[in-house]
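Quick note: residue numbers are just sequence positions, from 1.
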Amino acid sequence: MGESIWIRERSSPYSPLLILITISSLLACCGANFHRDVDVTWGHDHANISDDGRLLTLTLDRLSGAGFQSKKAYLFGKFDVEMKLPPGNTAGIVTTFYVLTTAEKHEEIDLEFLGNLTDDPYTLHTNVYTHEVGHREQEFSLWFDPRQDFHKYTILWNPLIIIVFVDDIPVRVFNNREAVGVPYPNTKPMKIKASIWNGEKWATRGGLVKTDWNEAPFTASYRNLEIQTMAGSVGRKNRPQWPLTQGLDKAGKKLLRWVRQTHMIYNYCHDPKRHPRECRHFIDI
Ligand SMILES: *[C@@H]1O[C@H](CO)[C@@H](O)[C@H](O)[C@H]1NC(C)=O
């Protein structure tokens, strides 16, 4: 059952990239089951999975936080999860959803939700590590209170682009610019991971506001994990899916610009103290 998809990166000012991806099985999708598809990796007594495998909670108290990871590692994929962040005063608390290489050479795509005092907003802190180098922080405020409800957070990672979505709105992209020497993660599989931990040394107002343990336990909820891969599926049914091999279309770029203009708090590319050289290769967004 072979399927071929042509992708062209239209916006690249460099050599036009034309890639043929032969997908040996249909793009596949569908809901993961936390019992079947993930392992709790630490804080076992601080993690709970509902009987039907659809809801997973991680709890942090003075004794421990907790984390889980997918049983399998994936080379490229689209990973969605709905999260509801701990309510109340969560200053110092970091709740995460990310993908990380399993073998040597640290590569990672990272969403970290930095807690805050009760009436102050969470910050979404993102980073991309390629060939062991990170320092690519971008931070965002959200247009809703992530403590109130479940919202969908997505990491899309294909050979051409990494896109982070919040409720299907692109907030961050990282284009493959290997052609001009910027490392891109495209050889090592990654596992999907999530955790809650005490980050009071840096998380809230740069570490000024510490965790208030009187507010513990802090509980983060994860549901509707979906894993779409090119090579196979953890889901029950196979059905072709749209976005895995695709970059941002015009509407997507417009939304991204809106996020950057109205909700971006920090961008390493605009940090006058740092001036990362690679940023001149990311001007097209
Ligand atoms: C917490 O709230 C303060 C005040 O609104 C804000 O400056 C800060 O960026 C917020 N987030 C974090 C993680 O400190």
Side-chain angles (χ1 to χ4, degrees), residues 38 41-42 58 60 65-70 73-83 85-86 90 92-116 122-142 146 151-158 161-167 169-176 182-186 188-204 206-207 220 222 225 227 256 259-260 263-269 271 274 276 278-279 282 285:
V38 310
T41 42
W42 59 286
L58 298 177
L60 169 72
F68 70 87
Q69 70 180 18
S70 58
Y74 306 95
L75 183 58
F76 308 122
K78 180 166 179 273
F79 313 113
D80 300 298
V81 76
E82 290 177 15
M83 294 169 65
L85 302 182
T90 53
I93 310 304
V94 182
T95 308
T96 69
F97 176 61
Y98 60 111
V99 291
L100 175 67
T101 42
T102 52
E104 298 272 293
K105 290 249 162 152
H106 179 183
E107 302 195 308
E108 180 175 338
I109 306 160
D110 216 1
L111 279 73
E112 297 190 333
F113 296 88
L114 313 182
N116 219 332
Y122 265 82
T123 294
L124 169 56
H125 173 97
T126 66
N127 207 345
V128 176
Y129 290 75
T130 63
H131 300 206
E132 305 207 307
V133 179
H135 308 300
R136 297 193 176 93
E137 300 86 356
Q138 287 185 355
E139 293 188 343
F140 306 88
S141 60
L142 298 166
H151 290 269
K152 185 163 101 177
Y153 305 98
T154 303
I155 296 170
L156 183 151
W157 169 42
N158 72 33
I161 196 166
I162 291 164
I163 311 176
V164 174
F165 295 90
V166 174
D167 285 335
I169 294 179
V171 301
R172 171 164 199 176
V173 303
F174 185 82
N175 285 295
N176 184 339
V182 183
Y184 188 82
N186 57 9
K188 289 181 217 72
M190 305 209 207
K191 285 193 172 185
I192 302 161
K193 305 185 99 162
S195 57
I196 186 168
W197 46 279
N198 177 22
E200 66 182 356
K201 288 203 181 93
W202 67 278
T204 306
Y222 298 78
L225 176 65
I227 305 169
L256 180 71
V259 171
R260 290 167 68 100
H263 288 83
M264 186 179 252
I265 301 171
Y266 177 82
N267 182 356
Y268 76 113
C269 282
D271 188 332
R274 296 173 57 183
E278 68 182 30
C279 289
F282 298 122
I285 40 165

Subject >> Cationic N near anionic O, under 4.0 Å, Glu278 to Arg136 >> reply: yes
Subject >> Min side-chain heavy-atom separation Ile192-Ile227 under 4.5 Å >> reply: yes
**OP:** Indicate yes or no for a side-chain donor-acceptor contact from Thr90 to the backbone of Asn116 under 3.5 Å, with no hydrogens or angles considered.
**Re:** yes
Original post:
Is any side-chain heavy atom of Asp80 less than 4.5 Å from a side-chain heavy atom of Phe165?
Top reply: no
**OP:** Kindly compute the distance separating OH (Tyr266) from CD (Glu139), expressed to the nearest 0.5 Å.
**Re:** 8.0 Å
**OP:** Calculate, to the nearest 0.5 Å, the distance between atoms CG and CD belonging to Leu100 and Glu107 respectively.
**Re:** 9.5 Å
**OP:** Using a 4.5 Å cut-off on heavy atoms from C-beta on, say whether the side chain of Arg260 contacts that of Gln138.
**Re:** yes
Subject >> Nearest atoms (heavy-atom pairs only) where Ala73 meets Thr102 >> reply: CB-CG2, 4.0 Å
Subject >> Heavy-atom side-chain proximity of Ile93 to Leu60 below 4.5 angstrom >> reply: yes
Subject >> Trace of the side-chain contact (heavy atoms from CB on, under 4.5 Å) decision for Val259 with Ile169 >> reply: CA-CA 8 Å; Val259 171; Ile169 294 179; 3.6 Å; yes
Original post:
In Å and rounded to the nearest 0.5 Å, what is the CD1 to NZ distance from Ile163 to Lys78?
Top reply: 9.5 Å
Subject >> Tyr74 ring center within less than 6.0 Å of Phe79 ring center >> reply: yes
**OP:** Starting from the C-alpha separation in whole Å, work towards a yes-or-no answer on side-chain contact (heavy atoms from CB on, under 4.5 Å) for Ile155 and Phe97.
**Re:** CA-CA 9 Å; Ile155 296 170; Phe97 176 61; 4.1 Å; yes
**OP:** Supply the atom-to-atom distance Phe113 CZ to Leu124 CG, rounded to the nearest 0.5 angstrom.
**Re:** 5.0 Å
Subject >> Thr95 side chain vs Ile196 backbone, donor-acceptor pair below 3.5 Å >> reply: no
Original post:
Quick one: OG1 on Thr101 to CG on Leu75, what's the gap to the nearest 0.5 Å?
Top reply: 11.5 Å
**OP:** Spell out, as yes or no, whether a donor-acceptor pair under 3.5 Å connects the side chain of Thr96 to the backbone of Ala194.
**Re:** no
Subject >> Spatial distance of atom OH (Tyr122) from atom CG (Leu114) [nearest 0.5 Å] >> reply: 9.5 Å
Original post:
Just by modelled atom types, is the Pro185 backbone N or O under 3.5 Å from a matching donor or acceptor in the Trp157 side chain?
Top reply: yes
Original post:
Where is the tightest heavy-atom contact between Leu111 and Tyr153, given as atom of each residue plus distance?
Top reply: CD2-CB, 4.0 Å
Original post:
Which heavy-atom pair separates Arg172 from Leu256 by the least distance, and what is that distance?
Top reply: N-CD1, 3.6 Å
Subject >> Closest approach of Arg274 to His135 (non-hydrogen atoms, all atoms of both residues) >> reply: NH2-O, 2.8 Å
**OP:** Kindly give the heavy-atom pair with the smallest separation between Phe174 and Tyr184, and that separation in Å.
**Re:** O-CE1, 3.7 Å
Subject >> Centroid separation His263 to Phe140 less than 6.0 Å >> reply: no
Subject >> Side chain to side chain, Trp42 and Phe68, heavy atoms closer than 4.5 Å >> reply: no
**OP:** Check Gly199 against Val94 and note the closest heavy-atom contact, atom names and distance.
**Re:** CA-CG2, 3.9 Å
**OP:** Verify the distance criterion only: is there a donor paired with an acceptor across the side chains of Ser195 and Tyr98 at less than 3.5 Å?
**Re:** no
Original post:
Between the main-chain N or O of His151 and the side-chain N or O of Asp167, is there a donor-acceptor pair closer than 3.5 Å?
Top reply: no
Original post:
Heavy-atom distance under 4.5 Å between the side chains of Ile161 and Asn176, does that happen here?
Top reply: no
